[in-house]
Trainee: 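Before we start, here is the structure in question, set down as structure tokens.
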Amino acid sequence: MSTTESTLKQRLQDAVTRQQALLGDLNGALISGDRAKQAATETQLRKLQAEAQRLSDELRYVQLEQSVSAPRAQARLTGKAAREIALDAIDEIGVPVSPSTISEFSLASTGVAVAATRFASLRRDEERAARRDPASRPAWVAPALSAARLTALPRLFTSSAWAIERRLVGARSARVNHLYTTLAFLDRFERMRATNTDAGAMENLVIRYARGVPGATATGADVDGARVREVVKAELEALEPDDLNERCEAAARLAKRRDQEKLWGLPVVIEGGGQGERAGG
């Protein structure tokens, strides 16, 4: 079994374990009638379901790829690494993120990073390849899309495997996504600490993002995971419903468009009625 296959299997097992724990939380929320917790847990389950599906698809792809000759597989390795590192980070964070965030998170959590400057060309390569053969990969590194205009936001990245509304960015999404990113960083930090993995760089990321949430941290104190979660989730409860409504309304509009436009966005309309290239193209 290759290292890649072993890693994917372990990540898939971890995702399934987390899903099982969340299903228990959801059952408890349903019994107690805690609607806020129910909604939050359902959101987390949807994200985990998408992550598990992508990991499962990628595992099958890797297993199939191993049937080709070693030179052919080796030739693909270098080109594949950057996109897989990016997709792993994007899926774990779970919301549209910038290249610098992807790079920092991957470096802090795995010791491997993709330079932020590579993402513009990576996205263009992904779009070209996807247009040639959409079924050749289980997921593509795709741009986030504007909820207002349905056009690409080239400085924010998502996975094509996500539901449409998760790939959209509305008026409140920047703040909501910061909050979810903080939680994703905290989750990874706590898992690393629990396994005695060096988590110093990850802790610094958590502190930096949590400082952007009033009341989540105290100056000079260690990370208090429970406190960060409580404060972040309280703010999410206030902001997320309106953000989700805006994104779902935009998703309903986008769902009527062609498949390629659902992934890469509508052409940018130039003043005067013409159409230009997609943003960042």
Side-chain angles (χ1 to χ4, degrees), residues 9-57 59 88 90-97 139 144 147 158-195 206 209-210 213-216 223-255:
K9 282 186 175 180
Q10 184 59 56
R11 292 191 64 210
L12 184 55
Q13 290 170 355
D14 291 344
V16 170
T17 299
R18 285 150 56 198
Q19 280 181 308
Q20 291 172 338
L22 284 171
L23 285 171
D25 292 343
L26 178 60
N27 186 54
L30 289 170
I31 292 172
S32 65
D34 188 337
R35 294 183 179 179
K37 184 176 181 180
Q38 178 185 339
T41 304
E42 287 173 344
T43 298
Q44 291 177 290
L45 277 169
R46 284 194 296 271
K47 290 180 179 179
L48 269 178
Q49 184 177 10
E51 178 184 350
Q53 183 63 56
R54 191 188 75 78
L55 288 170
S56 180
D57 289 343
L59 178 59
D88 284 347
I90 290 166
D91 265 336
E92 187 165 345
I93 295 171
V95 293
V97 287
T158 71
S159 167
S160 65
W162 292 359
I164 292 176
E165 64 271 14
R166 288 184 63 193
R167 295 187 286 107
L168 288 160
V169 172
R172 303 168 185 81
S173 297
R175 183 58 180 173
V176 169
N177 292 346
H178 176 89
L179 295 169
Y180 270 117
T181 300
T182 303
L183 291 178
F185 288 175
L186 178 60
D187 286 342
R188 172 51 78 103
F189 166 64
E190 291 181 338
R191 291 199 300 273
M192 293 173 73
R193 187 170 56 179
T195 56
V206 174
Y209 273 72
V213 185
V223 172
D224 182 341
R227 177 178 179 175
V228 173
R229 287 184 197 283
E230 180 182 1
V231 174
V232 168
K233 288 183 177 181
E235 188 171 344
L236 276 172
E237 287 178 8
L239 295 178
E240 189 172 25
D242 288 338
D243 176 59
L244 181 59
N245 285 339
E246 181 185 8
R247 290 185 287 110
C248 285
E249 289 174 0
R253 302 198 312 274
L254 188 59

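In this chain, numbering begins with 1 at the start of the sequence shown. None of these values were measured; they are calculated from a predicted model.
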Trainee: Atom OG in S160, atom CD1 in I90: separation rounded to 0.5 Å?
Mentor: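 The distance works out to 9.5 Å.
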Trainee: Just wondering, are more than 12 heavy atoms of other shown residues or ligands nearer than 6.0 Å to CD in E42?
Mentor: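 Yes, enclosed.
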Trainee: Heavy atoms only: give me the nearest N177-P96 pair and the separation to one decimal.
Mentor: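 What the structure gives for the nearest pair is ND2-CD, 3.7 Å.
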Trainee: What residues, two or more places apart in sequence or in another chain, satisfy side chain to side chain contact (heavy atoms under 4.5 Å, CB included) together with R229?
Mentor: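 Side chain to side chain contact (heavy atoms under 4.5 Å, CB included) list for R229, sorted by chain: L183, L186, D187, E190.
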Trainee: To the nearest 0.5 Å, tell me how far K37 NZ sits from L30 CG.
Mentor: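 Nearest 0.5 Å value for the NZ-CG distance: 10.5 Å.
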Trainee: Scan residues 160-181 for pairs that pass ring-ring contact (aromatic ring centres under 6.0 Å, His included), counting only residues two or more places apart or in two chains.
Mentor: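 Counting only pairs at least two positions apart or across chains, the ring-ring contact (aromatic ring centres under 6.0 Å, His included) contacts touching residues 160-181 are H178-Y209.
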Trainee: State the CG-CD distance between L12 and Q10, to the nearest 0.5 angstrom.
Mentor: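 Result: 9.5 Å between the selected atoms.
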Trainee: Yes or no on side-chain contact (heavy atoms from CB on, under 4.5 Å) for R18 and Q44, after CA distance, side-chain angles and deciding distance?
Mentor: CA-CA 10 Å; R18 285 150 56 198; Q44 291 177 290; over 6 Å; no
Trainee: If we only count heavy atoms from C-beta on, is the V228 to V213 side-chain gap below 4.5 Å?
Mentor: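 Counting from C-beta outward, V228 and V213 never come under 4.5 Å.
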Trainee: Which atom names give the shortest non-hydrogen contact between A36 and E237, and what distance separates them?
Mentor: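 Closest heavy-atom pair between A36 and E237: CB-OE2, 3.9 Å.
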Trainee: With rounding to the nearest 0.5 angstrom, report the CD1 to OG1 distance, I164 to T158.
Mentor: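 I164 atom CD1 to T158 atom OG1 measures 11.0 Å (nearest 0.5 Å).
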Trainee: Look up atom CG in D242 and atom OG in S173, then write down how far apart they are to the nearest 0.5 Å.
Mentor: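 The distance works out to 11.0 Å.
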Trainee: Using salt bridge (Lys or Arg N to Asp or Glu O under 4.0 Å) as the criterion, list what pairs up with R172, not counting sequence neighbours.
Mentor: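 Salt bridge (Lys or Arg N to Asp or Glu O under 4.0 Å) check on R172 returns E246.
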Trainee: So, using side chain to side chain contact (heavy atoms under 4.5 Å, CB included) as the criterion, who are the partners of N27 when residues are at least two apart?
Mentor: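 Residues passing side chain to side chain contact (heavy atoms under 4.5 Å, CB included) with N27: I31.
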Trainee: Taking all heavy atoms of V169 and all of A144, pick out the closest pair and write down the distance.
Mentor: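 That would be CG2-CB, 3.8 Å.
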Trainee: For Q38 and D34, test the side chains for any donor-to-acceptor distance below 3.5 angstrom and give the result as yes or no.
Mentor: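 No - no donor-acceptor pair under 3.5 Å links their side chains.
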Trainee: Is D14 salt-bridged to R191, going by a charged N under 4.0 Å from an acidic O?
Mentor: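 The answer is no: the pair does not qualify as a salt bridge.
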Trainee: Spell out, as yes or no, whether a donor-acceptor pair under 3.5 Å connects the side chain of R253 to the backbone of A147.
Mentor: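 Side chain of R253 to backbone of A147: a pair is present.
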Trainee: Give a yes or no answer on whether the side chain of D243 reaches the backbone of L239 with a donor-acceptor pair at less than 3.5 Å.
Mentor: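 Pair absent, no side-chain N/O of D243 close to backbone of L239.
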Trainee: For L23, enumerate each residue passing the side chain to side chain contact (heavy atoms under 4.5 Å, CB included) test, keeping only those at least two apart in sequence or located in another chain.
Mentor: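 Listed in chain order: L45.
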Trainee: Please answer whether the main-chain N or O of G215 pairs with a side-chain N or O of R227 as donor and acceptor at a distance below 3.5 Å.
Mentor: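 Indeed, once roles are kept as given, a pair shorter than 3.5 Å links the two residues.
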Trainee: Could you pull out all residues at least two apart from E240 that satisfy salt bridge (Lys or Arg N to Asp or Glu O under 4.0 Å)?
Mentor: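 Expected list: none.
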Trainee: To the nearest 0.5 Å, how far apart are CZ in R247 and CG in N245?
Mentor: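 Here the interatomic distance stands at 9.5 Å.
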